[in-house]
Amino acid sequence: MRRLLIVHGPNLNLLGERQPEIYGRATLAELDEELRQFTAKSHAEALCFQSNHEGALIDFLHEQRREACGLVINPGALTHYSYALRDAIAAINLPAVEVHLSDIHQREPFRRQSVVSEVCLEQIAGLGWDSYRRGVEVILGHLAVQELRYVLQERPEVDHAYRSCVRILKRDFPKYDWTGIYLVEGNELVLHNYIGAPTPHARIPVGQGICGAAVAEAQTIIVPDVHADARYLACSLETKSEIVVPIRGQRMYGEIDIDSHTRDAFWQNDRKILEEMAGNLARYLDLSVS
Ligand code: CA2
């Protein structure tokens with residue numbers, strides 16, 4: 001199983017004991033348990049580690065560098081001055097995300113600087129536990145994009161390429177309750193393959209509904225609340241939010257369409273990974289389809 005490292009630096013063992021107005025009331029053990037469950041839903045294992053010692057954190061990263069495929073790290077105050085930790089994150093060569101419970105940019109000036117952010121894919125701060133959950137999503141998204149790229153390099157049948165994209169996304173993102181690909185055929189979008197509940201919308205005229213609008217406008221559409229959007233073609237009562245990403249190369253090939261049963265399920269990371277996947281599919285199709 002893919003292993004993600006969740007690493008916490010100095011003083012985070014005290015979570016829940018003091019300063020609840022900044023760091024919340026929950027303990028580190030509760031946070032780690034939540035992250036293990038969250039990660040398991042994406043068929044990955046979270047290995048959690050905390051230390052108050054810079055060297056122990058570095059040793060842990062070295063030990064795990066060949067066993068793990070990503071790192072979510074809250075370096076605590078080491079964020080602001082530890083070049084040794086920064087070098088270790090760079091050296092292990094794993095995709096890494098820096099996270100903070102509090103918004104370090106709205107606190108004392110010394111907290112605004114991070115010496116590790118440059119060796120991380122992203123810094124996520126100020127969202128409490130969600131900073132960590134989003135960190136996990138960034139790593140999983142990065143790995144999903146890489147996996148599809150490997151599949152496409154093998155130059156599979158076009159059909160297999162579309163199916164792989166849907167399979168990878170549905171496996172790694174449990175919040176993607178319905179994931180499918182529509183292809184442009186004339187003036188219609190025709191459902192190619194999907195994973196989720198059966199849909200009555202196997203053919204959608206270009207321009208109609210959110211799916212049709214994304215292709216007509218050639219841009220990603222995120223709808224945080226489908227019931228507040230007049231364009232939504234209702235098919236499932238459970239669907240609360242939707243993201244549609246066009247697959248556009250030398251021509252418009254189709255789109256990736258995802259529904260979630262959670263309202264406001266999609267954030268910038270979803271847009272980024274789905275647009276990268278759609279872009280890779282489009283480049284592959286430009287070469288494969290005459
Ligand atoms: O906001 C964060 O997650 C921090 O990384 C937490 C670090 C702090 O030095 C960073 O500037 C921001 C420190 C964690 C201190 O944790 C405590 C937890 C409970 C009680 C006292 C301290």
Side-chain angles (χ1 to χ4, degrees), residues 3-40 42 44-65 68-142 267-269 272:
R3 176 177 290 178
L4 299 191
L5 307 177
I6 311 276
V7 173
H8 316 275
N11 296 311
L12 286 157
N13 55 313
L14 296 181
L15 274 186
E17 283 186 26
R18 297 170 52 204
Q19 295 188 277
E21 67 290 357
I22 302 179
Y23 299 118
R25 290 193 184 280
T27 65
L28 186 65
E30 288 165 341
L31 171 59
D32 282 345
E33 183 50 30
E34 155 64 19
L35 293 170
R36 277 191 282 270
Q37 288 181 18
F38 182 77
T39 309
S42 298
E45 169 207 20
L47 180 62
C48 304
F49 180 77
Q50 188 276 332
S51 178
N52 293 324
H53 306 279
E54 188 180 39
L57 293 163
I58 294 169
D59 285 344
F60 178 77
L61 296 180
H62 289 182
E63 281 158 23
Q64 289 294 326
R65 70 187 187 279
C69 56
L71 167 68
V72 174
I73 184 164
N74 181 348
L78 294 172
T79 305
H80 315 301
Y81 64 90
S82 175
Y83 294 111
L85 186 60
R86 174 199 165 111
D87 282 350
I89 296 170
I92 60 172
N93 208 21
L94 292 175
V97 178
E98 171 194 348
V99 299
H100 300 282
L101 292 159
S102 65
D103 185 350
I104 55 173
H105 300 286
Q106 304 298 328
R107 298 182 63 192
E108 305 94 315
F110 78 87
R111 295 192 201 274
R112 293 184 197 148
Q113 189 202 343
S114 165
V115 301
V116 302
S117 62
E118 275 180 10
V119 295
C120 293
L121 295 173
E122 249 181 73
Q123 179 194 75
I124 304 172
L127 302 176
W129 286 18
D130 264 345
S131 295
Y132 286 85
R133 292 191 196 98
R134 287 190 174 203
V136 169
E137 288 191 8
V138 169
I139 299 292
L140 290 171
H142 180 86
W267 60 293
Q268 69 189 36
N269 183 59
K272 180 169 175 278

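Just so you know, ligand 1 is whichever comes first in the structure, and atom 1 is the first atom listed for that ligand. Computed from a prediction, not measured in an experiment: that's the story for all the values here.
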Using a strict cut-off of 4.0 Å, indicate which atoms of ligand 1 neighbour a heavy atom of Ile104. 12 (C)
Between Glu45 and Thr39, is a side chain to side chain donor-acceptor pair (under 3.5 Å) present by the stated rule, with each step listed? CA-CA 6 Å; Glu45 169 207 20; Thr39 309; over 6 Å; no
Among all protein non-hydrogen atoms, which one is nearest to atom 4 (C) of ligand 1, and what is the separation to 0.1 Å? His100 ND1, 3.7 Å
Verify the distance criterion only: is there a donor paired with an acceptor across the side chains of Tyr132 and His8 at less than 3.5 Å? yes
Which protein heavy atom lies closest to atom 2 (C) of ligand 1, and at what distance to 0.1 Å? Leu101 N, 3.4 Å
Check whether any N or O atom of Ala77, backbone or side chain, sits under 3.5 Å from an N or O atom of ligand 1, and answer yes or no. yes
Quick one: look up the protein heavy atom nearest atom 13 (C) of ligand 1 and list residue, atom name and how far away it is. Tyr23 OH, 3.7 Å
List the steps and the verdict of side-chain contact (heavy atoms from CB on, under 4.5 Å) for Ser114 and Thr79. CA-CA 5 Å; Ser114 165; Thr79 305; 3.5 Å; yes
Are Arg134 and Glu122 within salt-bridge range, i.e. N to O under 4.0 Å? no
Indicate whether the side chain of Gln50 and that of Asn52 have a donor and an acceptor atom separated by less than 3.5 Å. yes
Take Leu61 and Ile89, measure what side-chain contact (heavy atoms from CB on, under 4.5 Å) needs, and give me the verdict at the end. CA-CA 8 Å; Leu61 296 180; Ile89 296 170; 4.2 Å; yes
Considering only protein heavy atoms, which is closest to atom 7 (C) of ligand 1, and at what distance to one decimal place? Gly76 CA, 3.6 Å
Less than 4.0 Å between a side-chain N and a carboxylate O, is that true for Glu33 and Arg36? yes
protein heavy-atom neighbour closest to atom 20 (C) of ligand 1 works out as Arg18 O, 3.3 Å
Nearest neighbour in protein (non-hydrogen) for atom 15 (C) of ligand 1: Asn11 CB, 3.7 Å
Geometry only, no angles: is Thr79 polar-contacting ligand 1 at N/O separations under 3.5 Å? no
Would you mind telling me if ligand 1 is within reach of the side chain of His80, the backbone, both or neither, using heavy atoms under 4.0 Å? side chain
Sequence neighbours excluded, every pair satisfying salt bridge (Lys or Arg N to Asp or Glu O under 4.0 Å) that has a member inside residues 78-91: Arg86-Glu118
Around atom 9 (O) of ligand 1, find the nearest protein heavy atom and jot down its residue, atom name and distance. Arg111 NH1, 3.0 Å
Among residues two or more places apart or on two chains, list those pairs meeting ring pair (Phe, Tyr, Trp, His ring centres under 6.0 Å) that have a residue in residues 71-91. His80-Phe110
Please list the nearest protein heavy atom to atom 21 (C) of ligand 1 with its residue and the distance rounded to 0.1 Å. Gln19 OE1, 3.5 Å
Take every heavy atom of Asn74, measure it against each atom of ligand 1, and state whether any distance is under 4.0 Å. yes
